[in-house]
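The sequence lines fix the lettering, A, B, ..., with proteins before strands; numbering per chain opens at 1.
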Protein chains: 2
Amino acid sequence: MPKVSARAYSRYSLEAITLLGSLIRAARKERKMTAQELADRAGISRGLLQRIEKGDPKCELGATMEVATLVGVKLFDAEATSLTKHILQTEAKLALLPKSVRKKVKVADDDF
Amino acid sequence: MPKVSARAYSRYSLEAITLLGSLIRAARKERKMTAQELADRAGISRGLLQRIEKGDPKCELGATMEVATLVGVKLFDAEATSLTKHILQTEAKLALLPKSVRKKVKVADDDF
DNA sequence: ATTTAGTGGTTTATATATGGATCATAATGG
DNA sequence: CCATTATGATCCATATATAAACCACTAAAT
């Protein structure tokens, strides 16, 4: 069964994911946690944790975030309470923007 | 087919994911991009983009990161070149840590 | 006011990620 | 040096995320 069309990732995306994985692994070891331990606490299998630490893009966002949180790697280095505030701010900002983005029909793309 | 055991996410994880989604949506609208447009550029379906923007934890990490990158939402606010450096540093740090974490056998858990 | 495009929510079929088991290797602690 | 355990990798069955097509609704733009 030949793979038909893999997904394409930008350089930045791959690097960011790789970095995230490395940070998680480093953090886990600094905390002297076994891969199995961390996997258990996160409620995932050891195999999945391996892939996360390796930087595999094809992992659940939730699982990855959960693991990261458990070892203290925060994407947005802020407390949950602070995040809530941030979310609300963003939502408010969103409310100001048009509900739907309407494209000009005739005019050529002004993208470049 | 009853769902047996859903995955548990910490408060922080869910909030961080929600925030990420909101930031993406806001960024997309600021750039006056259609959901379909962004989905196409990211090589994903519009439905998936909706879930990402909504903050669904069950999405590919790669797809999410890709979309975020496309609209300029950086998890690690740094250039790719800088990320590489950061990765190398982390790897180097990792090399100093023990290859495997060994648990004490007899002694009781010192977790608390 | 009317038209049209964007959005949100479905459903279904398919691709695929995940869990679990297993094996080999490596490296730690005694 | 030895015993033990963490790790890395692979395989398979199954759960599930994804793409695609559809619908209804909303809200831009004329």
Side-chain angles (χ1 to χ4, degrees), chain A residues 1-9 17 21-22 24-26 28-67 91 94-107 109, chain B residues 1-9 17 21-22 24-26 28-67 94-107:
Chain A
M1 208 68 54
K3 185 177 292 188
V4 176
S5 77
R7 193 166 299 184
Y9 300 103
I17 292 174
S22 296
I24 289 174
R25 172 163 299 180
R28 172 175 67 81
K29 295 201 171 181
E30 281 178 352
R31 302 195 170 203
K32 304 221 185 303
M33 292 179 73
T34 287
Q36 187 66 60
E37 273 183 336
L38 180 52
D40 288 344
R41 292 201 194 181
I44 66 176
S45 66
R46 188 169 64 92
L48 179 54
L49 175 59
Q50 266 188 77
R51 288 173 42 216
I52 291 176
E53 291 187 347
K54 192 191 225 175
D56 188 335
K58 299 180 175 304
C59 297
E60 267 193 19
L61 173 60
T64 305
M65 188 71 67
E66 193 63 25
V67 168
E91 300 291 2
L94 251 168
L96 298 182
L97 295 175
K99 311 284 185 181
S100 65
V101 176
R102 203 60 172 247
K103 285 294 159 183
K104 301 259 186 185
V105 179
K106 283 302 190 58
V107 183
D109 280 349
Chain B
M1 212 67 56
K3 183 177 294 190
V4 175
S5 76
R7 194 165 299 183
Y9 301 101
I17 292 174
S22 296
I24 289 174
R25 171 163 297 178
R28 172 175 66 81
K29 294 201 170 179
E30 280 176 355
R31 303 195 171 203
K32 303 223 184 304
M33 292 179 72
T34 286
Q36 187 66 60
E37 272 183 336
L38 180 53
D40 288 344
R41 292 202 193 183
I44 66 177
S45 67
R46 190 169 63 90
L48 178 53
L49 175 59
Q50 267 187 78
R51 287 173 42 216
I52 290 176
E53 293 188 344
K54 192 193 226 175
D56 188 335
K58 299 179 174 305
C59 298
E60 267 194 20
L61 173 61
T64 305
M65 188 72 69
E66 192 64 25
V67 168
L94 252 168
L96 300 182
L97 295 175
K99 311 284 185 178
S100 66
V101 176
R102 202 64 172 247
K103 284 295 160 183
K104 302 260 189 186
V105 179
K106 281 303 188 58
V107 184

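Remark: side-chain polar atoms of K103(A) are paired, donor with acceptor, to backbone N or O of K32(B) under 3.5 angstrom.
Contact annotation: T34(B) reaches the phosphate of dG6(C) (side-chain N/O to OP1 or OP2, under 4.0 Å). In this structure, R28(A) reaches the dT7(D) phosphate: one of its side-chain N or O atoms is under 4.0 Å from OP1 or OP2. Regarding contacts with the backbone of dG8(C), a side-chain N or O of R25(B) is found under 4.0 angstrom from either OP1 or OP2. Within the structure, a side-chain polar atom (N or O) of R7(B) is placed less than 4.0 Å from OP1 or OP2 of dG19(C).
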N/O to N/O distances under 3.5 Å, protein versus nucleotides 22-24 of chain C:
none

Polar-atom pairs under 3.5 Å, protein N or O versus N or O of nucleotides 26-30 of chain D: list them with distances, or write none.
from: dA28(D); atom 1: OP1; to: K99(A); atom 2: N; distance (Å): 3.0
from: dA28(D); atom 1: N3; to: R102(A); atom 2: NH1; distance (Å): 3.1
from: dA28(D); atom 1: N3; to: R102(A); atom 2: NH2; distance (Å): 3.4

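In this structure, the side-chain hydrogen bond (donor to acceptor under 3.5 Å, both in side chains) partners of S22(B), at least two apart in sequence or on a different chain, are E91(A). Under the rule for a salt bridge (charged side-chain N to carboxylate O under 4.0 Å, His left out), R102(A) has no partner lying at least two apart in sequence or in another chain. The side-chain contact (heavy atoms from CB on, under 4.5 Å) search around I17(B) returns L61(A), M65(A), P57(B), not counting sequence neighbours. Checked against salt bridge (charged side-chain N to carboxylate O under 4.0 Å, His left out), E30(A) has the following partners two or more places apart in sequence or in another chain: K93(B). Applying the side-chain hydrogen bond (donor to acceptor under 3.5 Å, both in side chains) test to R7(A) and every residue at least two apart in sequence or in another chain returns E60(B).
Picking from dG8(D), dT18(D), dG9(C) the nucleotide with the shortest atom distance to the side chain of Q50(A) gives dG8(D).
Between the C1' atom of dA27(C) and the CG atom of L96(B) lies a distance of 17 Å, rounded to the nearest Å. At whole-Å resolution of the value, CG in D56(A) and P in dT10(D) are 13 Å apart. If you measure from atom NZ of K58(B) to atom C1' of dT18(C), you get 11 Å, rounded to the nearest angstrom. One atom, CG of L48(A), and another, P of dG8(D), lie 14 Å apart when rounded to the nearest Å. Atoms NZ (K29(A)) and P (dT28(C)) sit 9 Å apart, rounded to a whole Å.
Between its two ends, the helix from dA1(C)-dT30(D) to dG30(C)-dC1(D) turns its axis by 70°, counting five pairs per end and rounding to 10 degrees.
Residue-level contact check: K54(A) touches the backbone only, with heavy atoms under 4.0 Å from sugar-phosphate atoms and none from bases.
The residue among G47(A) and C59(B) whose nearest nucleotide of DNA chain D lies closer to the 5′ end is G47(A).
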Could you list the donor-acceptor pairs under 3.5 angstrom formed by side chains in residues 48-56 of chain A, with sequence neighbours left out?
from: R51(A); atom 1: NE; to: D56(A); atom 2: OD2; distance (Å): 3.1
from: R51(A); atom 1: NH2; to: K58(A); atom 2: O; distance (Å): 2.5
from: E53(A); atom 1: OE1; to: R25(A); atom 2: NE; distance (Å): 2.7
from: E53(A); atom 1: OE1; to: R25(A); atom 2: NH2; distance (Å): 3.1
from: E53(A); atom 1: OE1; to: R28(A); atom 2: NH2; distance (Å): 3.4
from: E53(A); atom 1: OE2; to: R28(A); atom 2: NE; distance (Å): 2.7
from: D56(A); atom 1: OD1; to: K58(A); atom 2: N; distance (Å): 2.8

